[in-house]
Peer 1: 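Before I ask anything, let me first share the structure, which is written out below as structure tokens.
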Amino acid sequence: MRWTRAALLASTLSILVTTGCGAGPSDRPAVAVEHPHQAGVAVTTASGPPAPPAPELPKTDLAWHDCTAPTFSLLSLGAPPQGLILDCAEFSTQVDAGGAVGGNFRTAAMRARYDRTPKDAVPLVLTSGYDRASTATLAGLAASPAGALLAARPIVAIDRRGIGSSQPVSCLTDDIRKAITDQAQFTRGTTDPVDAVAKASQDATIACLDFLSPAQGTFDAAHAADDIDQLRKAWQVDHIALMGTGSGATVALSYAHKYGDHLGRVVLDSPQAVGLDAVGRSEQQVRGAEAALTGFAQRCAALNCSLGSDPHAAIVTLVNRAGNGEFGDLSASALVTTLNGFLSDPRTLANPQLTEFADALSALGRGDRGPITPIVLRQTAAVDNDGEFVNRCSDNLQPTTPVRAKELESQWAGKYTVFGRFAAIDLMDCSAWPSATAIAMPDKFDRPVLVVGGDADPVAGVDSRPTVTGALGAAGARTSTVEWQGWGHPAFAHSGCVQQAVTDYLKDATLPEDGTACPA
């Protein structure tokens with residue numbers, strides 16, 4: 001399988017740990033909590049509505065080939081867990097299923113399973129949207145104890161167009177890409193950073209729209225949903241089980257709108273909020289990132305890590321020093337991206353990996369960039385690549401103005417001490433891209449939907465789940481929410497309790513009690 005640079009680098013950081021004391025996902029049992037329900041009946045019972053159609057085993061399949069060893073080697077994941085099998089494949093998808101633009105894309109897929117996974121188990125389709133390559137998300141999950149979920153059924157991840165191992169998009173020059181990654185810290189001179197990034201956005205938009213023409217309008221969530229349906233057709237099945245994490249949940253909702261009759265099960269893990277503009281979504285994400293960093297700092301201090309008794313303050317100091325140019329060509333923005341990538345890595349590792357990351361930050365503080373440099377390179381490449389830029393901007397709703405971004409830069413710098421200022425400047429990344437059309441939500445959808453997530457999520461942020469369950473409830477869906485009380489993204493990768501809830505739901509579409517909590 002051909003891997004793009006983003007795929008090679010997307011999951012190589014192996015530092016994320018759960019808030020528990022040991023390795024692997026937290027598997028503490030779920031507890032019911034008081035939680036106001038947002039959208040209809042929470043539990044499917046014998047006296048309730050009939051169960052939805054069950055997803056089906058593929059009648060025909062992709063040309064899979066074993067890629068376990070090369071994947072773990074390329075992504076620096078260490079030794080594969082005993083019995084794990086990763087299979088890779090490619091399939092062709094139409095550039096535009098509606099026929100407005102001709103041609104095909106090469107789309108990448110990866111299947112993860114154990115040698116003990118039942119061979120007749122129906123697969124779960126996974127998309128993590130543009131947050132990181134879906135295949136890298138799955139590889140990271142597979143590298144960690146996957147518990148009940150992966151043992152019960154295979155998981156098949158599909159990369160979005162231009163991301164991961166799918167047909168690459170290469171439309172930016174190195175200078176433009178670096179200006180966006182570094183927020184033009186080293187080239188803007190006296191120019192305000194908001195204005196500098198807005199200019200870089202103009203250059204990037206012109207370059208990518210020209211490169212992609214006439215397919216420039218086919219990288220949004222709706223077309224990503226079309227690609228998933230191409231897989232369904234290749235499998236020759238009527239119904240699939242679909243999980244969307246982060247921005248991938250938006251793809252899943254788009255699939256429900258366009259192809260809802262073909263869904264047997266739907267899981268939304270840490271979904272983005274519905275109906276918010278770019279500023280609202282960004283502030284939610286910043287709040288989640290700050291909460292996740294607080295969780296990390298508390299854990300780091302409890303381990304007597306090298307960042308001292310107040311790791312959060314130590315990190316603030318490092319970011320400020322990077323902004324002053326004290327670390328050579330390591331920009332403050334790239335350092336913040338690295339922090340966010342650490343907090344949102346799908347793998348769960350033991351305490352030594354957490355302290356190793358803390359040691360790399362401490363070394364940076366002493367002027368030794370050696371330990372942190374490869375981590376920075378991996379994380380920035382994972383989320384600041386051309387395909388991610390095109391997909392993210394294609395879904396960007398109601399971008400803000402430079403005037404408003406400058407106001408937020410000042411406000412958020414004081415309110416959100418690590419991520420706020422940089423998030424405000426990042427609002428300009430897609431400011432020149434044609435404004436996206438709001439995703440069409442399902443208007444009639446009677447399936448039970450499981451929604452999971454937590455509020456210390458550095459990707460989706462906080463407070464997003466009620467907007468999603470509300471929109472689904474308005475369409476007639478029955479929903480139930482499971483809340484994970486730890487930090488990280490996505491929730492199911494870090495919590496055995498969440499994995500068990502997903503496994504039980506996939507089996508017979510029975511939703512858990514709404515407001516169930518999974519302790520960290």
Side-chain angles (χ1 to χ4, degrees), residues 2-7 90-109 127 129-134 158-181 184 196-231 247-248 250-251 254-255 257-258 278 381-402 426-440:
R2 181 182 176 189
W3 288 79
T4 66
R5 181 169 181 262
E90 296 173 349
F91 63 102
S92 181
T93 57
Q94 295 175 281
V95 171
D96 182 60
V101 182
N104 297 286
F105 274 111
R106 174 173 53 79
T107 301
T127 172
Y130 57 71
D131 298 321
R132 68 174 64 232
S134 300
I158 302 178
D159 282 335
R160 275 186 75 158
R161 300 177 178 188
I163 294 179
S165 302
S166 288
Q167 184 172 328
V169 169
S170 182
C171 55
L172 302 179
T173 66
D174 289 342
D175 288 343
I176 295 175
R177 191 180 299 113
K178 185 171 178 57
I180 293 176
T181 298
V197 174
K199 175 59 168 61
S201 174
Q202 292 175 349
D203 296 339
T205 298
I206 292 170
C208 289
L209 292 182
D210 286 348
F211 176 84
L212 297 171
S213 181
Q216 66 269 28
T218 65
F219 286 79
D220 57 4
H223 285 83
D226 293 338
D227 292 347
I228 292 174
D229 203 56
Q230 287 294 309
L231 176 64
S247 66
T250 304
V251 177
S254 185
Y255 190 95
H257 169 74
K258 301 183 74 172
V383 299
D384 285 347
N385 55 79
D386 297 9
E388 187 274 342
F389 169 78
V390 170
N391 281 272
R392 174 163 51 96
C393 292
S394 295
D395 285 347
N396 188 50
L397 300 178
Q398 303 176 46
T400 193
T401 65
D426 277 344
L427 287 168
M428 292 293 97
D429 283 0
C430 298
S431 58
W433 196 271
S435 184
T437 303
I439 177 177

Peer 1: Determine the minimum heavy-atom distance between Ile176 and Ala200, stating which atoms define it.
Peer 2: CG2-O, 4.0 Å
Peer 1: Would you say Thr400 and Met428 make side-chain contact, with heavy atoms under 4.5 Å?
Peer 2: yes
Peer 1: Rounded to the nearest 0.5 Å, how far apart are CZ of Phe105 and CG of Asp159?
Peer 2: 13.5 Å
Peer 1: Any donor-acceptor pair under 3.5 Å linking the side chain of Thr127 with the backbone of Gly248?
Peer 2: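 The answer is no, because no donor-acceptor pair under 3.5 Å joins these two groups.
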Peer 1: Please name the pair of heavy atoms, one in Ala278 and one in Pro399, separated by the smallest distance, quoted to 0.1 Å.
Peer 2: CB-CA, 4.0 Å
Peer 1: Kindly determine whether Val197 and Asp429 satisfy side chain to side chain contact (heavy atoms under 4.5 Å, CB included), including the steps that lead there.
Peer 2: CA-CA 6 Å; Val197 174; Asp429 283 0; 3.3 Å; yes
Peer 1: Where is the tightest heavy-atom contact between Gly129 and Ser247, given as atom of each residue plus distance?
Peer 2: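 Looking at all heavy atoms of both residues, the closest pair is CA-OG, 3.4 Å.
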Peer 1: Treating Arg160 as the side-chain partner and Ser166 as the backbone partner, does any N or O pair qualify as donor plus acceptor under 3.5 Å?
Peer 2: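 No; zero donor-acceptor contacts below 3.5 Å.
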Peer 1: Backbone N or O of Val169 within a donor-acceptor pair of the Arg161 side chain at under 3.5 Å?
Peer 2: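 Pair absent, no side-chain N/O of Arg161 close to backbone of Val169.
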Peer 1: Roughly how far apart are Leu231 CG and Phe91 CZ, rounded to 0.5 Å?
Peer 2: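 One gets 4.5 Å once the value is rounded to the nearest 0.5 Å.
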Peer 1: I need the Lys178 NZ to Thr173 OG1 distance, nearest 0.5 Å.
Peer 2: 12.0 Å
Peer 1: Rounded at 0.5 Å granularity, tell me how far OG1 in Thr250 sits from CG in Asp395.
Peer 2: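 Here the rounded value is 7.0 Å.
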Peer 1: What are the two closest heavy atoms between Cys208 and Leu172, and how far apart are they?
Peer 2: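 Smallest interatomic distance, heavy atoms only, reads SG-CD2, 3.4 Å.
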Peer 1: Is a side-chain donor or acceptor of Asp227 paired with a backbone partner of Thr93 at a separation under 3.5 angstrom?
Peer 2: no
Peer 1: Salt bridge or not between Arg177 and Asp386? Use side-chain N to carboxylate O under 4.0 Å.
Peer 2: yes
Peer 1: Do you know which two heavy atoms are closest between Cys171 and Val390, and how far apart they sit?
Peer 2: SG-CG2, 4.1 Å
Peer 1: Using modelled atom types only, decide if a donor and an acceptor are shared between the side chain of Arg106 and the backbone of Ser165 within a distance under 3.5 Å.
Peer 2: yes
Peer 1: Kindly say whether Ile158 contributes a backbone atom to a donor-acceptor pair with the side chain of Ser134 at under 3.5 angstrom?
Peer 2: yes
Peer 1: Atom CG in Asp220, atom CG in Asp226: separation rounded to 0.5 Å?
Peer 2: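 The distance works out to 8.5 Å.
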Peer 1: How many angstroms lie between OG1 in Thr218 and CD in Gln94, if you round to the nearest 0.5 Å?
Peer 2: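 One gets 11.5 Å once the value is rounded to the nearest 0.5 Å.
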Peer 1: Tell me, with the steps shown, if Phe219 and Leu212 meet side chain to side chain contact (heavy atoms under 4.5 Å, CB included).
Peer 2: CA-CA 10 Å; Phe219 286 79; Leu212 297 171; 3.7 Å; yes
Peer 1: Looking at every non-hydrogen atom in both residues, tell me the closest pair between Phe389 and Ala204 and how far apart they are.
Peer 2: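 Taking Phe389 first and Ala204 second, the nearest heavy atoms are CZ-CB, 3.6 Å.
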Peer 1: If we only count heavy atoms from C-beta on, is the Leu209 to Trp433 side-chain gap below 4.5 Å?
Peer 2: yes
